[in-house]
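Just below is one structure, and these are the notes that go with it.
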Amino acid sequence: MITAEHFLSVAFWAGELAPEAFERARRGIVERSFAKGAYLWHRGDRFDHWTGVADGLVKVATVSKTGKAMTFAGIRTGGWFGEGSILKDEPRQYDVVALRDTRLVMMNRATFVWLLDHSVGFNRFLVRQLNERLGQFMALVEYDRTLDAPARLARTLGWLFDPVLYPRAGSVLEITQEELGLLCGLSRQSANEAVKVLERKGILRVEHGAITALDPLRLQRFGE
DNA sequence: CCATTAAACACCC
DNA sequence: GGGTGTTTAATGG
């Protein structure tokens, strides 16, 4: 179980819950740490928790039958994910890997279902999040075939600066170019090159181990 | 061939 | 020490 302050600090949507729902949610959450490189779960696992990133960075990916790696999303501190498997009560569809040392907060299924049945605030949050994700996945369709390296990196970054998914995130993201490469399927050199192209275009600023988004909206739509 | 990447190295926060 | 910029050799489409 986690404290009320901690809950509020890792779940921006917790503020939308009525007192009873807030308390139920808090009691249904436990925290757990994962080392860099560790799998939070594999495709096919039964993992009965809805999950938030309290601190860290995580990659949601799969490998196709032909062996091709495919990244669906990166989740940074403050992000919540995995509601699909809980809602449908089915095994995980994707692998999830910690790209750096990461602390997770995990809500058990019974609590999630109770919130779904009793909390309007929780449902509003979920609908908003699912709708936003839908938009991202539609953008993924053209991602692989038609976009060059800078455009792919820009969009990957755009998701990490999504104001609906990360309303308190601000414009600075602590991320290394190696981690960025892992997220969008580029080598470190290519990620470095792509990031400099985008800096020259004035839509972001590169710092040591961090990226500042000067224009988050243009990041998401880059290459359109 | 050309493009990309892994590996190795030297800087610098 | 970890992250970054660059070179070089290997790799693969």
Side-chain angles (χ1 to χ4, degrees), chain A residues 9-10 31-40 42-43 52-79 81 94-105 136-137 139-162 165-166 168-224:
Chain A
S9 76
V10 299
E31 190 168 40
R32 206 177 139 194
S33 293
F34 292 82
K36 175 178 180 174
Y39 276 76
L40 315 197
H42 289 89
R43 179 186 176 128
V53 178
D55 184 38
L57 183 68
V58 142
K59 178 174 85 165
V60 181
T62 192
V63 282
S64 70
K65 281 168 192 159
T66 59
K68 191 167 191 282
M70 176 83 197
T71 298
F72 290 103
I75 314 283
R76 66 147 145 170
T77 301
F81 63 107
Y94 316 110
D95 297 323
V96 180
V97 193
L99 293 186
R100 63 174 83 136
D101 288 349
T102 294
R103 278 184 303 118
L104 293 187
V105 275
Q136 292 188 354
F137 276 79
L140 255 184
V141 175
E142 62 173 343
Y143 184 89
D144 229 14
R145 305 253 170 274
T146 60
L147 297 179
D148 61 7
R152 282 165 38 196
L153 187 134
R155 293 195 177 198
T156 299
L157 267 174
W159 302 339
L160 295 174
F161 283 107
D162 188 305
L165 266 25
Y166 307 102
R168 322 171 165 151
S171 62
V172 183
L173 170 63
E174 284 190 16
I175 190 169
T176 67
Q177 294 172 8
E178 168 144 39
E179 289 168 335
L180 264 176
L182 288 171
L183 277 180
C184 55
L186 296 172
S187 65
R188 190 167 69 79
Q189 300 101 296
S190 303
N192 176 260
E193 208 171 85
V195 126
K196 284 192 285 198
V197 168
L198 297 171
E199 184 173 48
R200 260 178 257 126
K201 297 201 184 233
I203 58 180
L204 57 75
R205 199 165 52 239
V206 184
E207 282 134 78
H208 287 321
I211 300 286
T212 299
L214 302 175
D215 195 342
L217 250 79
R218 260 183 82 197
L219 277 175
Q220 263 192 7
R221 310 210 175 290
F222 192 89
E224 218 168 53

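Proteins get letters first, then strands, A, B, ... in listed order; numbering begins at 1 in each. It should be emphasised that the depicted structure is a prediction, and the values quoted were computed from it without experimental measurement.
- The aromatic rings of Phe72(A) and Phe137(A) lie parallel to each other, their planes meeting at an angle below 30°, with 60° marking the opposite boundary.
- In this structure, CD of Gln177(A) is placed 11 Å from P of dT6(C), rounded to the nearest angstrom.
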Open item on the list: So if I define the base as every atom that isn't primed, P, OP1 or OP2, how would nucleotides 3-13 of chain B read as a B/S/- string at a heavy-atom cutoff under 4.0 Å?
Closed with: --SBBB----S

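- Heavy atoms only, all atoms of each residue included: Gly74(A) and Tyr166(A) are closest at O-OH, 3.9 Å.
- Remark: P of dG5(C) and CG of Leu180(A) are 12 Å apart, rounded to the nearest angstrom.
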Side-chain atoms of residues 198-209 of chain A: list all donor-acceptor pairs with protein atoms under 3.5 Å, sequence neighbours left out, distances to 0.1 Å.
residue	atom	partner	partner atom	Å
Glu199(A)	OE2	Val206(A)	N	3.0
Glu207(A)	OE2	Thr212(A)	OG1	2.9

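- Put simply, Lys196(A) has a side-chain N or O that comes within less than 4.0 Å of OP1 or OP2 on dT6(C).
- Counted within 6.0 Å of CD on Glu193(A), heavy atoms from surrounding residues, nucleotides or ligands total 12 or fewer; the atom is thus considered open.
- Evaluated for a side-chain contact (heavy atoms from CB on, under 4.5 Å) with Arg100(A), the options Leu182(A), Thr176(A), Ile175(A), Asp55(A) yield exactly one hit, Ile175(A).
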